[in-house]
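Letters go in sequence order (proteins before strands), and every chain restarts at 1.
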2 protein chains.
Amino acid sequence: MAKLQKSIDKRNALIKATIELVNNNGFHATPMSKIAKMANVSPATIYLYFENKQDLVNKTYVEVKAEYTKYAFATYDETMPVEAGFKLIWNRIADFKLKECENAMFLAQCDNTPMIDEQSRQEGIKHLQPLLDLWERGRQEGIIKPLSDYLLYAYAINPLSFLMIIQKRGVFTLDKAHLEEAYQSAWSSIKVCQ
Amino acid sequence: MAKLQKSIDKRNALIKATIELVNNNGFHATPMSKIAKMANVSPATIYLYFENKQDLVNKTYVEVKAEYTKYAFATYDETMPVEAGFKLIWNRIADFKLKECENAMFLAQCDNTPMIDEQSRQEGIKHLQPLLDLWERGRQEGIIKPLSDYLLYAYAINPLSFLMIIQKRGVFTLDKAHLEEAYQSAWSSIKVCQ
DNA sequence: AAAAAAAGAATGAACATTCATTTTTACATA
DNA sequence: TATGTAAAAATGAATGTTCATTCTTTTTTT
């Protein structure tokens, strides 16, 4: 137990260091040596936990993505009405992006670059199913516009990533008041007007 | 004249190669030697046109961004009604992202990573002013929701970047029919409901 | 005391950049 | 128009560094 515990701590430290360094410097400017230093570990130790640099980044991505979706759906259950369910999930996602800003930034960077292997990318998408199911239900009930999942995601969810990134750059603050407005925009863009 | 012409061709070839290689492999996996090869040029020649790799990427970003905004506003004039103006600009942006997909992908990658110097990023933002002015007019006329420019951009424009990226990955096609739907979502999310 | 984990130094490859040389251009002169 | 030549442009090879990864040794665990 103690031994395993210790290993997991090191592994977590490595993943955390990877996220922080890649966020601030980009993949191309984060050498393994820096990751090791930040995690208080020898460079050689990284290779006890990960095959190589690419594997480290892939695994980091998949794990952070899993955390993200777990958080997003934690309080949702599929018997909720569509609008309430969407609002709940949307706000959980917004919460995550605000509170776990580093993690969310890392995901955004991975999602917009060829940093990650295609396979890991696919892996990361899987966890999103509950949201897609909710949308399907919403379309069937005539509450949500009959758009493809991609369009719905583009207009309802993805804008949060943009807002988080520019917030991180310091020109804009995404506070609670903004969030309510943002939610209204998100919902307006996908709901059926009555 | 002939001499200058030749130089500009080389420079353009270098910028084009940079875009293509960074799009496909990411900054971290595009060595100067590959850029040179793709541009049919010696590695040393790059340094006649750009200070170093970072300068090459910065300049590429700023130039592509300028092209993008030039295209976006080419047929717009500020006497148009707000809604028509927005629709026009939105469609020009969509056009650009479809037709100049490589360029748009490159911008998206730069906008979501620390690849680019902050200074070049600022430089790139400047050109967006006509859209911000249009929004201000729209807010004053009570046509556009009283949201900050950042929120408006997040919901009305940025989703196109997301759609373009996943289209490039081959799971989704952003055709003319989708575009009309996307425009409706964009407009719904920022217009004042009457 | 054997096995596992970790460390730091070593290795070799890849790379950005520079250097020494060659090629091309622009243009003056015949 | 042809030719010589100085400047500019371009090149391929060389340089020195950085970095991912591996090797050997040490430390920790059981």
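For A/Arg139 (side chain) and A/Leu147 (main-chain N/O), a donor-acceptor pair under 3.5 Å exists by modelled atom type. The closest donor-acceptor contact from the side chain of A/Thr45 to the backbone of A/Val41 lies at 3.5 Å or more, if one exists at all.
To the nearest angstrom, C1' of C/dT17 lies 14 Å from CG of B/Asp55. As a whole-Å value, the separation of B/Leu14 CG from D/dA9 C1' is 13 Å. With rounding to whole Å, B/His28 atom NE2 is found 10 Å from D/dA20 atom P. Between the CD1 atom of A/Ile46 and the P atom of C/dA5 there is a distance of 17 Å, given to the nearest Å. Distance CD1 (B/Ile35) to P (C/dT17): 10 Å, rounded to an integer number of Å. Protein atom NZ of A/Lys37 is 10 Å distant from nucleotide atom P of C/dG8, rounded to whole Å. Distance A/Phe50 CZ to C/dA6 C1': 15 Å, rounded to the nearest Å. Rounded to a whole Å, the CG atom of B/Leu21 is 12 Å from the P atom of C/dC15.
Close to C/dA5, at under 4.0 Å from its OP1 or OP2, lies no side-chain N or O of A/Tyr47.
In summary, the side chains of B/Thr173 and B/Asp175 do not present any donor paired with an acceptor at a separation below 3.5 Å, with no hydrogens or angles considered.
Considering only the side chain of A/Thr45, C/dA7 comes nearest among C/dT17, C/dA7, D/dA10. Looking at the side chain of B/Leu48, the nearest of the listed nucleotides C/dT17, D/dA20, D/dA10 is D/dA10. For A/Met32, the side-chain atoms get nearest to D/dA20 when compared with the rest of D/dA20, C/dA7, C/dA16. Comparing C/dG8, C/dT18, D/dA10 against the side chain of B/Ala44 picks out C/dT18 as the nearest. The side chain of A/Tyr49 approaches C/dA6 more closely than any other nucleotide in the set C/dA6, C/dG8, D/dA20. The nucleotide whose nearest atom lies closest to any side-chain atom of A/Lys10 is, among C/dA6, D/dA20, D/dT11, C/dA6. In this structure, the nucleotide among C/dA7, C/dT17, D/dT21 sitting nearest to the side chain of A/Asn52 is D/dT21.
Figure legend: A/Arg92 and A/Phe73 shown without cation-pi pairing, the cationic atom not lying both under 6.0 angstrom from the six-membered ring centre and within 45 degrees of its axis.
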Could you go through the side-chain contact (heavy atoms from CB on, under 4.5 Å) check for B/Lys191 and B/Ile144 one step at a time?
CA-CA 4 Å; B/Lys191 75 159 193 246; B/Ile144 288 180; 5.8 Å; no
